Structures are given as C-alpha cells and as structure tokens.
Amino acid sequence: MKLTLLGVMMLLFTSLSAQEIKTDTFGKGIFNVVGKDSTFSMNFAIRFQLLGFSSWTEHQPNELSFLVRRSRLKLKGFVYSPKLKYKFEAGFSNRDMSGGSEDFTHGSPRFIMDAFLEWGYYKNLSLWVGQGKLPGNRERVMSSADLQLVDRSLLNGKFNIDRDIGVQLKHYFHLSEKFIVKEILSISQGEGRNITTGNLGGLQYVGRIELLPFGKFKNKGDYTGADLVREKTPKLAIGTSYEFNNDAVRERSNQGRYMLIDDDSALFKSNINTVFIDGIFKYKGYSFMFEYANRNADDPIAKNSDGSATGDIIQVGNALNLQSGYVFPSNWEIAGRFTNLNMDEITMENSRDMYTLGLSKYIVGQKLKVQSDCSYISNNGRPNEILARLQIDVHF
C-alpha cells in the first residue's frame, strides 16, 4: 500500500515541469494540473479527520479513545475532453481500509474508495462507470467532510448501500423554470467495494428520483449538512430510492458479514429489497433533513442445505432519522438529531433510539471545522449509553 501511494506521488511530481500548474485558495485542492494542450486536468487534494470520543454504558467503566477517523487522497479532473470527468479517492486510515478478507479481497486492505469515469455525452444525460457511491440514502451520498454532526446516523450505519462497482445512468430535466427532476439508474455487482472474487450472487439494481421544486441549491447544498451559504430563498429537495439485490450474500445487501453455509463451503443467497425516502430543506441558515429506510428479504434467516439455521440473519427492519440545525452569522452552528432504529425484526437485537445535540464552528466553511456532539442511546432491553465526541476536519 505504501509503495502504491509513493508511486502515485512520484508520478504526480515528476510530471509537474511539463504542465501548467494553478493553485487556488485553501480548501479547493493543493494544486490543479492542466495539460499544455488542455487534454486533461488533475486536481490534487488531501483531507483528514481527527476524532476523540468517550462513551459511558450503564454498569460499565468509561471508554476513551483517539484516532485518525478518516485520511483521504483525492484526485479529480477530466481526460481528453471536459465532458469526460474522473474521480479517484483512496482512504488510508484503519477504518477506511477495514473489511478486507483472504476469501473476498485476497487479503488486501480496501483502500480504494472511488475510481470512476463520468461521460456527459448528451445534453442532460451522463454515463458513469466504475466504483463509487450508489444512489441510496441522501446522508450516505453526502461526503463525510460535509456532515452537520460528527458522523452519520444509526440509520445510515445499518441501511446504507455504500459503494459498489458498476454503471450508472444520470439525467435531469426541468418541469418549469425552477422545478428540477433528477433521475439515476444504477446496475452494480452487488457485493460492495474492492471485491476481487467476481460476482458472488446476482446483480444489484438501484433507481432514484429527486424533486427540487424551488430550483438548485447553492454550492450543491442539497448534499451538504449545514446551510453555510444562508439560502436567500427557500430550497427543498425530496428523493426516493429503491434497491433490489438479487441473490444477495451479505447481511445488509452489499454490506455486513458474508452468510456462509455448509461448513463455510458455500454462501446463503436471498433477494433483498430496500426503500429510502429522504428530503432536505434550507433557508437563511436553517436546515432540516429527514430520512426513512426499510429493508426486507425473501428469506431473512440463513440456512444450510439441510434447512438448519446458521445463526446469520439478514438485518431487515426500518429506521427514521430527523435532523435540524441553525448556522449563526458567526458560523457557529447548533444542531440536533433523533434516530429511531428498528432492526432485526426477528430478534430486535439492534433496535434503539439515539438523541444527539451538536455544536460546530466552521472556520473555513466545511474545509476547516471543529465539531462536537453528545448523544444518549436508549437500547432495547439492554444497558443505555452516553457518547461524547470531538472532531477536527481539515480539507486542503
């Protein structure tokens, strides 16, 4: 991994003398390389998050931890034509690379996050090919650098369909001068990112439609948490996604544990369906976001060939997330979130409610900020928890 990163860095810097180099203000990339013949560009950026947190569980000792939550290298630009864009993002923190296995990733860490091309080949229609985020719930599609609170919600943690490799077709049109409709159709492998063993089950299909009745948000604010631009007129986006993973082999569609059967010689397969409904509203520093998710499966209990249960259960259920905040003119923000999680309807093991209150200071917008939050987690028949977090986010 280190040799790979070193090779990328050497390739970048040894080519700079032959290119036109443009620098920008903080937060917009370290530099932007443009070919002399304008046949390609590359914006080079890095970002990292430093997190400290403490948790208290009833009748148990306090836990305290500090870590590099995320550490990312990002490259983006165009090749051959401005209509052919690309993005490459790699993650180098332990949590970025976790999830590797000998069976499914050849023992390699999963440090490649995004690697895709997007071709805007006809008017409002574009074709996306490669590995990246699927068009699932809004909070997951948001960058972790643009979140309103320290991290995403419990809903996202249990329901998100994250990244996969495949193709996406994107389109938008105007119903009126302001009213915009966006559509996305995705077909992917269905096992998540960085899988090296090929297609283990069937394919995964995702469709999404979004309505923006009052026009575009400034600076793509429909996919950022806080209303830092203080929208002068009300802005609203409402979206819904439907995901069907044919013969899924993991507990949470393309996420979670693999469901092994017959003494780990085969994989249990079941069709999984997930529905997302979400929306975001912003006006003069105030923001409100909601999300609802529901997952079901044809057969949620994993079974061996002889019909005996393995103990693995597809995490079916539903969740609701409500989140709101206000950014003061001083760029301090106070935000709150409530999440109701009803998972594993068979065992109810993961059902809980989480109440979160956060305070953030945006020093240079989302690119340099300090965020803190405190949460109370009410578990279903198990000890309750209190969680306090403090995080610094730096994005060059």
Side-chain angles (χ1 to χ4, degrees), residues 1-13 30 42-53 65-76 86-117 128-134 136 140-147 150-152 156-166 188-201 204 245 248-260 264 267 312 315 389 391-396:
M1 181 193 69
K2 292 182 179 179
L3 292 176
T4 301
L5 178 60
L6 180 61
V8 172
M9 298 290 290
M10 290 180 64
L11 179 62
L12 287 172
F13 287 106
I30 296 176
M42 177 179 289
N43 180 275
F44 176 93
I46 60 173
R47 71 178 179 93
F48 57 87
Q49 293 176 334
L50 306 176
L51 172 66
F53 66 91
S65 184
F66 299 91
L67 68 152
V68 179
R69 175 62 182 87
R70 294 177 176 91
S71 178
R72 304 280 175 86
L73 163 68
K74 300 175 67 175
L75 307 174
K76 65 179 181 179
Y86 70 90
K87 180 183 177 183
F88 174 85
E89 181 171 348
F92 297 100
S93 72
N94 289 341
R95 295 186 68 172
D96 283 333
M97 297 186 294
S98 63
S101 69
E102 190 63 40
D103 292 330
F104 305 110
T105 67
H106 285 179
S108 300
R110 306 187 308 152
F111 70 90
I112 298 177
M113 312 296 286
D114 295 317
F116 64 80
L117 292 169
W128 179 105
V129 180
Q131 177 174 286
K133 292 180 181 179
L134 299 179
R140 184 65 191 93
V141 178
M142 285 184 182
S143 169
S144 57
D146 296 330
L147 300 178
V150 171
D151 213 343
R152 297 182 176 94
N156 180 83
K158 292 296 183 182
F159 284 90
N160 87 84
I161 52 177
D162 198 57
R163 293 172 165 91
D164 207 340
I165 187 165
S188 60
Q189 185 169 263
E191 273 80 56
R193 61 184 176 93
N194 294 314
I195 302 300
T196 59
T197 52
N199 189 220
L200 301 171
Q204 182 178 17
N245 197 338
V249 297
R250 303 179 72 173
E251 290 180 320
R252 295 185 283 114
S253 188
N254 66 2
Q255 301 292 296
R257 293 187 303 178
Y258 293 88
M259 298 179 289
L260 298 168
D264 297 347
L267 287 161
D312 286 330
Q315 296 184 20
R389 302 181 291 193
Q391 181 168 272
I392 298 173
D393 200 308
V394 182
H395 189 161
F396 289 93

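Everything numeric in this text was worked out from a predicted model, so none of it was measured.
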Spell out, as yes or no, whether a donor-acceptor pair under 3.5 Å connects the side chain of [X] to the backbone of [Y].
{"X": "S93", "Y": "R69", "result": "yes"}
{"X": "Q315", "Y": "K158", "result": "no"}
{"X": "K133", "Y": "V141", "result": "yes"}
{"X": "N43", "Y": "K76", "result": "no"}
{"X": "Q131", "Y": "I112", "result": "yes"}
{"X": "R389", "Y": "F53", "result": "no"}

Just verifying a value: how many Å separate [X] [atom1] and [Y] [atom2], rounded to the nearest 0.5 Å?
{"X": "L50", "Y": "F66", "atom1": "CG", "atom2": "CZ", "value": "11.0 Å"}
{"X": "F92", "Y": "M97", "atom1": "CZ", "atom2": "CE", "value": "8.0 Å"}
{"X": "M142", "Y": "N156", "atom1": "CE", "atom2": "CG", "value": "10.5 Å"}
{"X": "L67", "Y": "Q391", "atom1": "CG", "atom2": "CD", "value": "8.5 Å"}
{"X": "I195", "Y": "R250", "atom1": "CD1", "atom2": "CZ", "value": "5.5 Å"}

Check whether the side chains of Q189 and N199 place a donor and an acceptor atom closer than 3.5 Å, and report yes or no.
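N199 and Q189 do not have a side-chain donor-acceptor pair below 3.5 Å.
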
Is the closest side-chain donor-acceptor distance between N245 and S253 under 3.5 Å?
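A donor-acceptor contact under 3.5 Å links the two side chains.
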
Please name the pair of heavy atoms, one in [X] and one in [Y], separated by the smallest distance, quoted to 0.1 Å.
{"X": "V150", "Y": "L51", "answer": "CG1-CD1, 3.8 Å"}
{"X": "R110", "Y": "M113", "answer": "O-SD, 4.4 Å"}
{"X": "L260", "Y": "L267", "answer": "CD2-CD2, 3.4 Å"}
{"X": "D164", "Y": "S188", "answer": "OD2-OG, 3.3 Å"}
{"X": "S144", "Y": "R47", "answer": "OG-NH2, 2.6 Å"}
{"X": "R70", "Y": "D96", "answer": "CA-OD2, 3.7 Å"}

Out of R72, K74, R193, R163, which one pairs with D114 under the salt bridge (charged side-chain N to carboxylate O under 4.0 Å, His left out) rule?
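Looking at R72, K74, R193, R163, the match for D114 under the salt bridge (charged side-chain N to carboxylate O under 4.0 Å, His left out) is R163.
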
Taking the side chain as every heavy atom from C-beta outward, state whether [X] and [Y] have any pair of such atoms under 4.5 Å apart.
{"X": "R140", "Y": "I161", "result": "no"}
{"X": "I30", "Y": "I46", "result": "yes"}
{"X": "R152", "Y": "N160", "result": "no"}

Whether F104 and Y258 hold their rings parallel, tilted or perpendicular, with breakpoints at 30° and 60°:
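Parallel: the ring planes of F104 and Y258 meet at under 30°.
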
Ring geometry between F48 and F396 (parallel below 30°, tilted from 30 to 60°, perpendicular above 60°)
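F396 and F48: tilted rings.
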
What's the verdict on side-chain contact (heavy atoms from CB on, under 4.5 Å) for N254 and L134, showing C-alpha distance, side-chain angles and the deciding distance?
CA-CA 11 Å; N254 66 2; L134 299 179; 3.7 Å; yes

